[in-house]
Amino acid sequence: MEGLIVKIYTKSSELPQMEEHNFFQSSELFRVAEESSGNTPLMAVAFNENGAIIGHLLATVRRRGSWLPPYLYTHARIYSEGEYAEGVNKQQVFAELLSHITRRLKRKMCLYIEFSDISKKMFGYKHFRANGYFPIHWQEIHNSLHSRAPIERLSKKNIKRIQKAKAAGVETHEVTTKEEVHQFYQLLHGFYRMKLRRYISSEQHFSRIYESDNARIFLTTYKNKVIGGCLCIYSNGNAYLWYLASKRKSYPKLHPNTMTVWHAIQYAYEHNYAHIFFMDVGLPWKRNPFRNFILSFGGKPVSSYRWFRFNIGWINRILKWIYKE
């Protein structure tokens with residue numbers, strides 16, 4: 001794009017003043033990552049010929065490792081396609097940001113790059129392809145909160161579960177102390193310990209997000225024991241359920257996952273958010289218990305892509321062939 005300049009920033013102290021509406025592309029999340037061990041943020045910023053900012057794209061490089069089994073690698077995570085000034089050609093600016101951030105991440109020796117939560121399924125399709133990415137079909141679920149009350153969309157089975165759980169003494173509340181943040185992190189870490197693909201940042205990361213006005217953490221308890229919890233982000237008039245964990249196998253009759261999700265939906269509705277988005281429902285398999293569980297709250301399934309690029313050439317070529325359309 002003629003006259004466009006892209007700069008990549010790695011320190012929050014050097015970030016220019018940007019217009020921001022999307023928390024997942026914000027300087028605030030940049031600082032959270034910067035101050036969390038194992039995370040390195042990069043912000044690609046596009047300027048026009050007059051020096052005005054017309055777009056930006058945030059990537060976070062994450063370090064993963066273990067002694068048993070032994071492994072160490074980094075990968076980059078990018079939520080949405082970035083943010084753009086009004087009146088600009090988003091596709092053209094995105095193409096430049098994508099090209100620059102991909103080259104930088106390749107030099108940083110990231111094993112792979114992952115884009116998710118793109119606003120429209122086909123956004124940037126040819127630009128992703130041109131930069132060596134391949135798409136994997138993914139599933140998202142969106143619950144509308146502005147046309148009908150959530151209780152009107154709730155399945156009869158879930159209504160009975162919630163009533164029985166409340167009668168048994170199960171409660172869900174907003175986290176208000178650092179000790180409760182620690183309890184949530186312990187729950188989350190234990191829940192995802194054996195799930196290899198799911199990445200959980202350090203406790204420091206969640207402590208910093210807890211301090212944000214754009215985030216809420218909820219805990220579900222039974223007899224003063226934590227049995228469920230979730231982290232929600234509130235951005236641009238919508239709610240996003242980012243992390244969810246529960247001890248549903250230890251307390252199957254109390255349905256802690258149902259109680260936690262229901263509280264998050266109710267909170268978003270009572271605070272006048274238009275939608276709640278469930279960010280990681282997973283691959284669109286015919287049999288997906290988690291997807292069916294989330295759908296029982298009255299949301300709609302939405303087909304989307306997640307874009308991946310492995311920086312080991314032969315691996316990327318094989319995966320592009322496997323996932324060709």
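Small disclaimer: the values here were computed from a predicted structure and weren't measured.
- In the hydrophobic clustering of this structure, Tyr73 does not group with Met109; members are Ile, Leu, Val, Met, Phe, Trp, Tyr whose side-chain heavy atoms approach within less than 4.5 Å, directly or through other members.
- One distance of note links NE2 of His75 with CZ of Arg309; it measures 16.0 Å at 0.5 Å rounding.
- Counting non-hydrogen atoms of neighbouring residues, nucleotides and ligands closer than 6.0 angstrom, the CZ atom of Arg148 exceeds 12 such neighbours.
- Aromatic ring centres of Phe94 and Phe123 lie closer together than 6.0 Å.
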Verdict with supporting geometry, Val281 and Glu140, side chain to side chain contact (heavy atoms under 4.5 Å, CB included): CA-CA 6 Å; Val281 178; Glu140 296 177 3; 5.7 Å; no
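- No cation-pi contact links Lys178 to Tyr210, judged by a cut-off of 6.0 Å to the six-membered ring centre and 45° from its axis.
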Trace of the side chain to side chain contact (heavy atoms under 4.5 Å, CB included) decision for Ile265 with Leu145: CA-CA 8 Å; Ile265 292 173; Leu145 304 174; 4.0 Å; yes
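- A continuous path of hydrophobic side-chain contacts links Leu111 to Ile322 [ILVMFWY only; heavy atoms under 4.5 Å].
- There is a side-chain donor-acceptor pair under 3.5 Å between Ser27 and Glu20.
- The shortest side-chain heavy-atom distance between Glu81 and Leu57 does not fall under the 4.5 Å cut-off.
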Chi angles and distances behind the side chain to side chain contact (heavy atoms under 4.5 Å, CB included) call for Val226, Phe184: CA-CA 8 Å; Val226 174; Phe184 172 70; over 6 Å; no
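- To the nearest 0.5 Å, the span separating OH on Tyr234 from OG on Ser212 amounts to 11.0 Å.
- The side-chain heavy atoms of Val170 and Thr221, taken from C-beta on, include no pair separated by under 4.5 Å.
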Side chains of residues 151-165: which donor-acceptor pairs under 3.5 Å do they make with residues two or more places apart or in other chains?
residue : atom : partner : partner atom : Å
Arg153  : NE   : Ser144  : O            : 3.4
Arg153  : NH2  : Ser147  : OG           : 2.7
Ser155  : OG   : Asn158  : N            : 3.2
Asn158  : ND2  : Ser296  : O            : 3.4
Asn158  : ND2  : Ser296  : OG           : 2.7

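- Remark: side-chain polar atoms of Asn131 are paired, donor with acceptor, to backbone N or O of His127 under 3.5 angstrom.
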Step-by-step salt bridge (Lys or Arg N to Asp or Glu O under 4.0 Å) determination, Arg306 to Glu114: CA-CA 7 Å; Arg306 283 200 180 184; Glu114 178 181 357; 2.9 Å; yes
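- Side chain of Glu83 to backbone of Asn22: a donor-acceptor contact under 3.5 angstrom is found.
- Gln266 contributes no side-chain N or O that, together with a main-chain N or O of Trp262, makes up a donor-acceptor pair within less than 3.5 Å.
- Between the His56 side chain and the Gln25 main chain, a donor and an acceptor come within less than 3.5 Å of each other.
- No option in Tyr323, Tyr125, Phe134 other than Tyr125 meets the ring pair (Phe, Tyr, Trp, His ring centres under 6.0 Å) test with Trp307.
- In this structure, Leu254 CG and Lys223 NZ are separated by 9.0 Å, a value rounded to the nearest 0.5 Å.
- A donor-acceptor contact shorter than 3.5 Å is absent between the side chain of Ser36 and the backbone of Asn39.
- Contact annotation: the side chain of Thr220 approaches that of Met259 to within less than 4.5 Å [non-hydrogen atoms, C-beta and beyond].
- Looking at heavy atoms from C-beta onward, Ser235 lies out of side-chain contact with Asn214 at the 4.5 angstrom threshold.
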Leu42 and Leu105: CA distance, side-chain angles, deciding distance, side chain to side chain contact (heavy atoms under 4.5 Å, CB included) verdict: CA-CA 9 Å; Leu42 294 88; Leu105 291 171; 4.2 Å; yes
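- Panel note: side chain Gln204, backbone Glu35; a donor-acceptor pair is recorded below 3.5 Å.
- Using modelled atom types and a 3.5 Å distance limit, the side chains of Tyr267 and Arg216 yield a donor-acceptor pair.
- The minimum heavy-atom distance linking Pro16 with Phe47 is given by the pair CG-CZ, 4.2 Å.
- Atom CG of Asn292 has more than 12 neighbouring heavy atoms from other residues, nucleotides or ligands inside a 6.0 Å radius.
- Counting heavy atoms from C-beta outward, Leu72 and Arg64 have side chains that stay 4.5 Å or more apart.
- Ring pair Phe308/Tyr133: centre-to-centre distance not below 6.0 Å.
- Residue Tyr185 is grouped with residue Ile233 when hydrophobic side chains (ILVMFWY) are merged at heavy-atom distances under 4.5 angstrom, including chains of intermediate members.
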Audit row: His173, Glu171, side chain to side chain donor-acceptor pair (under 3.5 Å) steps and yes/no: CA-CA 7 Å; His173 67 276; Glu171 298 178 344; 5.9 Å; no
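- Residues Ile200 and Tyr243 are in side-chain contact: their nearest non-hydrogen atoms beyond the backbone lie under 4.5 Å apart.
- In this structure, a donor-acceptor pair under 3.5 Å is present between the side chains of Ser99 and Arg103.
- To the nearest 0.5 Å, atoms CD1 (Ile113) and CZ (Arg77) are separated by 12.5 Å.
- Side-chain contact, Glu203 with His205: no donor N or O sits under 3.5 Å from an acceptor N or O.
- Put simply, CG on Leu15 and CD on Glu34 are 8.0 Å apart, with the number rounded to the nearest 0.5 Å.
- Closest of all the heavy-atom pairs between Phe293 and Thr258 is CE1-OG1, 3.3 Å.
- No donor-acceptor pair closer than 3.5 Å links the side chain of Glu96 to the backbone N or O of Ala46.
- We find the CG-CZ distance between Leu58 and Phe24 to be 11.0 Å, quoted to the nearest 0.5 Å.
- Contact detail for Gly298 and Asn143: the closest heavy-atom pair is C-ND2, 4.0 Å.
- Using a distance-only test at 3.5 Å, with no hydrogens or angles considered, a donor-acceptor pair links the side chain of Asn238 to the main chain of His275.
- Under the 4.5 Å side-chain heavy-atom criterion for grouping Ile, Leu, Val, Met, Phe, Trp and Tyr, Ile8 is connected to Phe115 within one hydrophobic cluster.
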Check against ring-ring contact (aromatic ring centres under 6.0 Å, His included), Trp242 and Tyr79: CA-CA 11 Å; Trp242 196 3; Tyr79 295 95; 5.6 Å; yes
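- Between Thr74 and Thr40 the shortest side-chain heavy-atom distance does not fall below 4.5 Å.
- Residues Glu211 and Arg208 are paired through a salt bridge, judged by an N-O separation under 4.0 Å between the basic side chain and the carboxylate.
- Using cut-offs of 30° and 60° on the angle between ring planes, the pair His137 and Tyr305 is tilted.
- Legend: residues meeting side-chain hydrogen bond (donor to acceptor under 3.5 Å, both in side chains) with Asn48, ordered by chain and number and at least two apart, are absent.
- Residues Ile118 and Trp138 have side chains not in contact (no heavy-atom distance under 4.5 Å, counting atoms from C-beta outward).
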Evaluation steps, side chain to side chain donor-acceptor pair (under 3.5 Å), between His21 and Glu19: CA-CA 7 Å; His21 302 284; Glu19 185 176 348; 3.1 Å; yes
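- Cluster annotation: Val261 is connected to Tyr222 through the hydrophobic network of ILVMFWY side chains, with a link wherever side-chain heavy atoms come within less than 4.5 Å.
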